[in-house]
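Side chains included, hydrogens not; waters and symmetry mates left out as well; all remaining heavy atoms used. Just follow the structure's listing: the first ligand is 1, and inside any ligand the first atom is 1.
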Amino acid sequence: MLLRFGRGRRKDTIPLGDAAIVFFGGKGGVGKTTMAAAHALRFADQGLRTLLISTDPAHSLGDALAMPLGDKPVQVTERLWAREPDADAALRRRVRRIGDDAAQALPREILPAVSRHLEHAAAGPGMAESALADLLMDTMEEVPEHWDRLVVDSAPTGHLLRLLHLPELLTPWVQGLARQRERAVDADRFAVGVAGGSQESGDDPLLEKLHARRRKLERAATRLRQDAEVRLVLVPRRMVLAETDRAARELMEAGFRLGTVVVNQVPDDVDPGLLTQVHERFAEQGTIEEALTTKEPIGLDALRELMPHSG
Ligand SMILES: Nc1ncnc2c1ncn2[C@@H]1O[C@H](COP(=O)(O)OP(=O)(O)O)[C@@H](O)[C@H]1O
Ligand SMILES: [Mg+2]
């Protein structure tokens with residue numbers, strides 16, 4: 001059911017799909033941010049309360065929408081909000097929160113060790129990423145109460161895959177703290193009593209919190225597999241198709257659902273054989289095509305023009 005018009009090019013409508021959480025993936029420059037914005041706008045125009053959020057620390061959603069965005073959601077249209085979370089602020093909040101928990105839950109003697117542990121962890125490359133992931137997990141809990149659709153302009157495929165594995169990454173940390181905690185209990189049971197903690201590590205407030213956090217990540221990892229889909233974006237080039245093919249396999253092996261594949265920036269003189277290859281490779285997911293426009297599709301009007309918004 002290809003509708004063809006103009007100079008023989010087909011014109012597609014952005015599908016609403018049934019996944020509440022929609023990620024956009026693909027190589028740099030293919031048009032992930034542009035497509036995330038265009039699809040979110042389409043969802044909102046169809047009456048769905050939509051939050052568009054960027055988890056790429058190099059935010060560019062505001063550029064695509066042609067409006068300033070910030071750490072808090074900004075209303076874009078009647079039903080569309082957009083947000084570019086501040087990764088550093090998320091990281092600081094997270095370190096502070098854990099520090100406060102530790103100060104409350106642990107005896108004084110152990111605090112220097114905990115704070116060394118925390119500084120070390122905060123400086124590691126994984127921590128900023130996991131702070132943003134944390135924020136995304138929190139936002140996911142607002143679906144479907146607050147949002148019918150959560151559209152995520154995400155960093156590369158590897159980042160998405162790591163999100164799924166965060167629960168396992170947290171386990172060694174929880175165990176490390178548990179060991180420290182047991183040592184402190186052995187060394188000074190009295191201090192534990194003074195600090196208001198119980199001597200059973202089972203009802204230790206800090207460990208309880210960490211275990212709760214791990215359960216939350218596990219819940220999120222399950223939801224990422226059940227309620228989310230990844231819409232891969234590519235441009236019609238052989239090398240890009242090869243890379244998209246690998247990304248699709250990896251995502252599917254990790255348990256992600258693949259949604260509609262967007263073939264973006266299709267030039268008038270595109271190699272039809274290559275387009276056929278793309279459509280065949282992603283026949284199961286379905287594909288939509290978007291022409292290469294002479295003007296960059298920036299701002300709401302241009303984004304709405306990218307694909308027909310009726311129907
Ligand atoms: N269909 C299109 N036609 C013309 N320019 C496009 C199209 N889609 C995206 N662009 C432009 O290509 C550049 C990269 O797009 P962007 O969405 O930032 O890609 P990504 O997020 O994948 O890096 C931007 O300048 C954007 O305006
Ligand atoms: Mg981008």
- Of all the atoms in Ser60, is at least one N, O or S atom closer to the Mg ion (ligand 2) than 2.8 Å? no

Give a yes/no on ligand 1: does [X] have at least one heavy atom closer than 4.0 angstrom to it?
{"X": "Lys27", "answer": "yes"}
{"X": "Ala291", "answer": "yes"}
{"X": "Gly26", "answer": "no"}

- Query: What part of Asn264, side chain from CB on, backbone N/CA/C/O, both or neither, has a heavy atom under 4.0 Å from ligand 1?
  - Reply: side chain

Checking a contact table here: which protein heavy atom is nearest [atom], and how many Å away?
{"atom": "atom 4 (C) of ligand 1", "answer": "Thr293 OG1, 3.1 Å"}
{"atom": "atom 6 (C) of ligand 1", "answer": "Pro297 CD, 3.4 Å"}
{"atom": "atom 27 (O) of ligand 1", "answer": "Glu296 OE2, 3.3 Å"}
{"atom": "atom 9 (C) of ligand 1", "answer": "Thr34 OG1, 3.5 Å"}
{"atom": "atom 23 (O) of ligand 1", "answer": "Gly29 N, 2.8 Å"}

Compute the shortest N/O to N/O distance between [X] and ligand 1 and return yes if it is under 3.5 Å, no if not.
{"X": "Thr33", "value": "yes"}
{"X": "Gly31", "value": "yes"}
{"X": "Lys32", "value": "yes"}
{"X": "Asp153", "value": "no"}
{"X": "Ile298", "value": "no"}

- Item | Side-chain H-bond candidate by donor/acceptor type, Arg49 with His146, under 3.5 Å | no

- Item | Salt bridge present between Asp153 and Lys32 (N-O < 4.0 angstrom) | no

- Under-4.0 Å protein heavy-atom contact, atom 13 (C) of ligand 1: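 No, because not a single protein heavy atom sits under 4.0 Å from atom 13 (C) of ligand 1.
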
